[in-house]
Amino acid sequence: MRVTVFGAGAIGGYLAAKLAISGSVDLSIVARGAHLEAIKADGLRLIEDGKETVARVKAAARAEELGVQDYVVLALKAHSLAPALDEIAPLLGEGTAVVTMQNGVPWWYFYKAGGALEGTRLNAVDPGGAIWQRIGPERVIGSVVYPAVEVDAPGLIRHVEGTRFSLGEPSGEKSERVTGLAREMVKAGLQAPVREDIRSEIWVKLWGNLSFNPISALTGSTLAAIVADEATRAVARAMMLEAQAIGEMLGVRFLIPVDRRIKGAGDVGEHKTSMLQDLERGRPMEIFALVTAVQELGRLTGQPTPTIDTVLALVRRLAIERGCY
């Protein structure tokens with residue numbers, strides 16, 4: 001099985017290291033700069049449970065050096081996907097599956113979703129439908145990523161917690177390609193449940209990202225601080241309820257109540273969200289996939305989003321002012 005991880009940062013690097021150490025797949029990565037040079041020189045280093053392991057992987061700056069793959073794991077952020085389409089193309093053959101590991105609403109959301117919106121392309125995450133056309137939703141295996149991982153230095157990945165990567169076909173089918181990938185991930189010591197309804201799991205994670213990420217960027221607050229403050233918790237809750245109404249219109253099942261989901265975020269503790277970290281580091285923020293796309297879904301379903309609209313306007317303005325939009 002030929003597998004390439006495109007975007008070997010924290011999550012991509014962790015997945016690549018685990019698969020490489022397992023040794024049961026032909027694993028390669030596409031990386032850049034100092035990270036790539038360190039991996040070529042010293043291997044992809046993984047710190048897990050206080051122990052460092054070195055994974056020897058094929059690493060390239062250009063995907064065309066690697067050839068056509070059976071699976072391509074897209075582990076870059078959602079806003080980086082469209083600009084990378086030309087680079088991804090050499091990895092794709094007739095039967096290549098593409099595993100999407102981006103946060104937020106995926107570009108393929110309405111592929112095999114059924115209903116009146118079947119085939120709708122979301123401008124917030126796929127302007128002009130370029131990703132839909134170039135990659136093709138028929139290749140997609142959806143994924144919801146749970147591990148907390150950090151890049152401590154070029155070529156050095158530190159695992160904090162969690163090993164679950166939920167997988168699912170957009171159609172809900174338990175195909176051989178998704179179950180085969182899940183088997184290899186389990187061999188590598190990861191949890192890889194195959195879901196019949198991957199969209200509902202996407203929404204449960206999105207529920208928190210939609211609200212806590214922009215609020216944290218606007219306030220500079222950690223998850224625990226946002227939840228502990230009655231006012232900011234109320235804003236997050238209002239955003240989540242607006243999103244829940246949209247999701248339910250689309251047939252999503254929210255299996256936990258909103259207040260339990262909020263408590264779970266607070267229990268994470270003094271953690272800065274990824275959007276706040278990006279703001280502090282001057283990097284583009286995941287506003288489109290996490291917030292703008294939900295607003296777009298609200299328009300498509302006729303559901304009002306007054307709180308989401310307000311928070312989106314503010315965080316968008318902040319991102320523009322800081323050069324992170």
Side-chain angles (χ1 to χ4, degrees), residues 3 5-19 21-22 46-49 71 73-78 98-106 109 140-152 157-170 178-179 181-213 216 222-224 226-227 236 240 243 247 252-258 260-278 286 289-290:
V3 180
V5 177
F6 191 100
I11 288 297
Y14 174 60
L15 175 63
K18 295 293 283 183
L19 288 171
I21 292 164
S22 172
L46 173 65
I47 298 174
E48 193 170 27
D49 298 324
Y71 295 87
V73 178
L74 299 178
L76 65 176
K77 290 188 175 181
V98 172
V99 186
T100 58
M101 291 192 171
Q102 288 71 50
N103 284 327
V105 181
Y109 188 90
V140 165
I141 294 172
S143 180
V144 182
V145 175
Y146 293 95
V149 192
E150 297 180 4
V151 178
D152 276 2
I157 308 295
R158 180 168 57 86
H159 176 252
V160 179
E161 64 174 357
T163 61
R164 177 155 57 103
F165 294 79
S166 295
L167 303 173
E169 292 275 3
V178 70
T179 55
L181 178 62
R183 283 194 298 270
E184 296 302 330
M185 292 174 68
V186 169
K187 286 180 190 177
L190 302 168
Q191 294 176 283
V194 177
R195 305 300 195 196
E196 294 181 356
D197 182 10
I198 194 67
R199 290 179 183 82
S200 288
E201 193 158 340
I202 286 170
W203 271 92
V204 171
K205 186 175 182 185
L206 172 62
W207 217 10
N209 284 339
L210 157 79
S211 53
F212 292 111
N213 269 270
S216 71
T222 64
L223 288 173
I226 293 167
V227 173
M240 293 169 78
V252 174
R253 297 170 296 157
F254 290 82
L255 300 179
I256 62 174
V258 65
R260 182 173 152 196
R261 180 68 178 84
I262 291 170
K263 181 181 183 302
D267 288 345
V268 173
E270 302 300 331
H271 171 71
K272 292 183 177 181
T273 69
S274 59
M275 194 176 286
L276 174 56
Q277 292 181 49
D278 285 342
E286 295 179 285
L290 299 186

Heavy-atom side-chain contact between [X] and [Y] under 4.5 Å:
| X | Y | value |
| --- | --- | --- |
| Glu201 | Tyr146 | yes |
| Gln191 | Val186 | no |
| Val160 | Val149 | no |
| Arg195 | Val144 | no |
| Phe165 | Val99 | no |

By side-chain hydrogen bond (donor to acceptor under 3.5 Å, both in side chains), which residues pair with [X], not counting sequence neighbours?
| X | answer |
| --- | --- |
| Asp278 | Lys77, Arg283 |
| Trp207 | none |
| Gln277 | none |
| Thr100 | Trp108 |

Got a second to check how far [X]'s [atom1] is from [Y]'s [atom2], nearest 0.5 Å?
| X | Y | atom1 | atom2 | result |
| --- | --- | --- | --- | --- |
| Glu184 | Thr179 | CD | OG1 | 10.5 Å |
| Leu15 | Leu46 | CG | CG | 11.0 Å |
| Leu210 | Trp203 | CG | CH2 | 8.0 Å |
| Asn213 | Leu206 | CG | CG | 10.0 Å |
| Thr222 | Glu270 | OG1 | CD | 3.5 Å |
| Met240 | Ser211 | CE | OG | 5.0 Å |

If you take all heavy atoms of [X] and [Y], which pair is closest and at what distance?
| X | Y | value |
| --- | --- | --- |
| Ala182 | Val194 | CB-CG2, 3.7 Å |
| Ile202 | Pro106 | CD1-CG, 4.0 Å |
| Ala192 | Leu167 | CB-CD1, 4.3 Å |
| Ala75 | Gly7 | CB-O, 3.2 Å |

Which donor-acceptor pairs under 3.5 Å do side chains of residues 262-269 form with protein atoms, sequence neighbours excluded?
residue, atom, partner, partner atom, Å
Lys263, NZ, Asp267, OD2, 2.8

Does Lys272 NZ have over 12 foreign heavy atoms under 6.0 Å away?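 At most 12 heavy atoms, drawn from other residues, nucleotides or ligands, come within 6.0 Å of this atom.
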Residues forming a ring pair (Phe, Tyr, Trp, His ring centres under 6.0 Å) with Tyr14, sequence neighbours excluded: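 For Tyr14, the residues satisfying ring pair (Phe, Tyr, Trp, His ring centres under 6.0 Å) (neighbours in sequence not counted) are His159.
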Do [X] side-chain atoms and [Y] backbone N/O form a donor-acceptor pair below 3.5 Å?
| X | Y | value |
| --- | --- | --- |
| Ser143 | Ser166 | yes |
| Ser200 | Arg253 | yes |
| Arg199 | Tyr109 | yes |
| Lys205 | Val145 | yes |
| Gln102 | Leu76 | yes |
| Asn209 | Leu290 | no |

